[in-house]
Protein chains: 2
Amino acid sequence: MNLEGALAHRDNRPVGAYCSIERALDVLSTRSAMLVLREAFYGATRFEEFAARADLTDATTAARLRDLVRTGILDTRPYQEPGQRRRHEYVLTPAGNDLMPALFALLQWANRHDPPPYPPQLTHHHCGQPVSIEARCEAGHPVTTDDITVTAAGPFGLDDPIAPDG
Amino acid sequence: MNLEGALAHRDNRPVGAYCSIERALDVLSTRSAMLVLREAFYGATRFEEFAARADLTDATTAARLRDLVRTGILDTRPYQEPGQRRRHEYVLTPAGNDLMPALFALLQWANRHDPPPYPPQLTHHHCGQPVSIEARCEAGHPVTTDDITVTAAGPFGLDDPIAPDG
DNA sequence: CGGCATCCTGTATGATACTG
DNA sequence: CAGTATCATACAGGATGCCG
């Protein structure tokens, strides 16, 4: 892995302010957030589904759903069952849907390195082949960690590329 | 998304015991763990590098490094600089390296949906093309959330596929 | 059913000081 | 440099009960 630009840690300066990973963690760094998100991908839409399937308390479920709605990952949609009062259900926004690779990359990793008794398998619904989460460049090449260069324009300029591993 | 087998939430039973995502979260659900991991990918190997770059206290850094070594994501390697006493550095194991897609999927997501002032870009070192983390089946098809079927053999049997969204 | 309020415990993390 | 020890704070999350 090579680092260039603002990401080069000159003087061991913290990179946080410019780091997208930290921004993602602001929303997803808690266990309950990831579990609620998992259930959204698995098809849950109602409060009780989230709480029961993710095995969280009502209070935690309510707090996490609120956070995920506030940050634009879930959206509430009103619905009304016959004879019932008006309620709302929780659905993934496009931004929420875009978290699929992140969530399933974790699933894939644990499947490989710390598999549960009955590892969940991901399959392409149309062709039946296994699905994997992988890094790939626009030219179509599979990419390993060592093949990646990280660059960022920034106030420190681009004139001082540093490759910590090289 | 379709669910089959043990992952079908019959009776809204918690799926946790069989879920790889939870197992991954056991190691990575804290902010500091992800930040230490990020620095490992960015080339940090020594205690002070981790602490300074991730902007964590010494105590947190020490605890997280210990956890990540214990869970097989980092390994310690002895080294000795001339005139210095023997120390050790922290390097990614193969299992740790395998977390690259998970970490960069988060980076990619925040780059798209909550970009920092200077978003870090991932580039294929060999061909110069942008790198993305994506779901793809073995036949080579790009796969969206709706194209994925999740299956798991389990004690509940495979005789009751449920597709919550269909 | 779909939440919210309150209390309580455990943990994540920072600040500071200390050790080898 | 590479940590450990101690204290203090904030938050995650469970248990319980309330409310429309």
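A, B, ... follow the sequence lines: proteins, then strands. Residue 1 opens every chain.
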Legend entry - Donor on one side chain, acceptor on other, B/T61 and B/D58, under 3.5 Å: no

Inset, instruction - Return the set of residues passing salt bridge (Lys or Arg N to Asp or Glu O under 4.0 Å) with A/E138 (not counting sequence neighbours), or none when no residue passes. - result: none

Inset, instruction - With sequence neighbours left out, write down each residue that passes salt bridge (Lys or Arg N to Asp or Glu O under 4.0 Å) with B/D114, or none if nothing qualifies. - result: A/R23

Polar atom pairs (N or O), protein with nucleotides 11-13 of chain D, under 3.5 Å:
residue: D/dG13; atom: OP1; partner: A/S32; partner atom: N; Å: 3.3
residue: D/dG13; atom: OP2; partner: A/S32; partner atom: OG; Å: 2.2

Inset, instruction - Please examine the side chains of A/T76 and A/E89, heavy atoms only from C-beta on, and report whether any two atoms are closer than 4.5 Å. - result: no

Inset, instruction - Using a heavy-atom cut-off of under 4.0 Å over every strand shown, decide if A/A59 touches base, sugar-phosphate, or nothing. - result: base

Inset, instruction - Identify whether any heavy atom of A/F50 sits under 4.0 Å from a base atom; if not, whether one sits that close to sugar-phosphate; answer base, sugar-phosphate or nothing. - result: nothing

Inset, instruction - Compute the ring centroids of A/H141 and B/H124, then answer whether they are less than 6.0 Å apart. - result: yes

Legend entry - Whole-Å distance separating the CG atom of A/L68 from the C1' atom of C/dG3: 16 Å

Legend entry - Whole-Å distance separating the CG atom of A/D58 from the P atom of C/dC4: 10 Å

Inset, instruction - Could you check B/E134 against B/R136 for salt bridge (charged side-chain N to carboxylate O under 4.0 Å, His left out), going step by step and ending with a plain yes or no? - result: CA-CA 6 Å; B/E134 55 185 31; B/R136 191 175 282 257; 2.6 Å; yes

Legend entry - Options C/dG2, C/dC4, D/dT4, nucleotide nearest the side-chain atoms of A/R66: C/dC4

Legend entry - Out of D/dA2, C/dG2, C/dG3, whichever nucleotide has its closest atom nearest the side chain of A/Y90: C/dG3

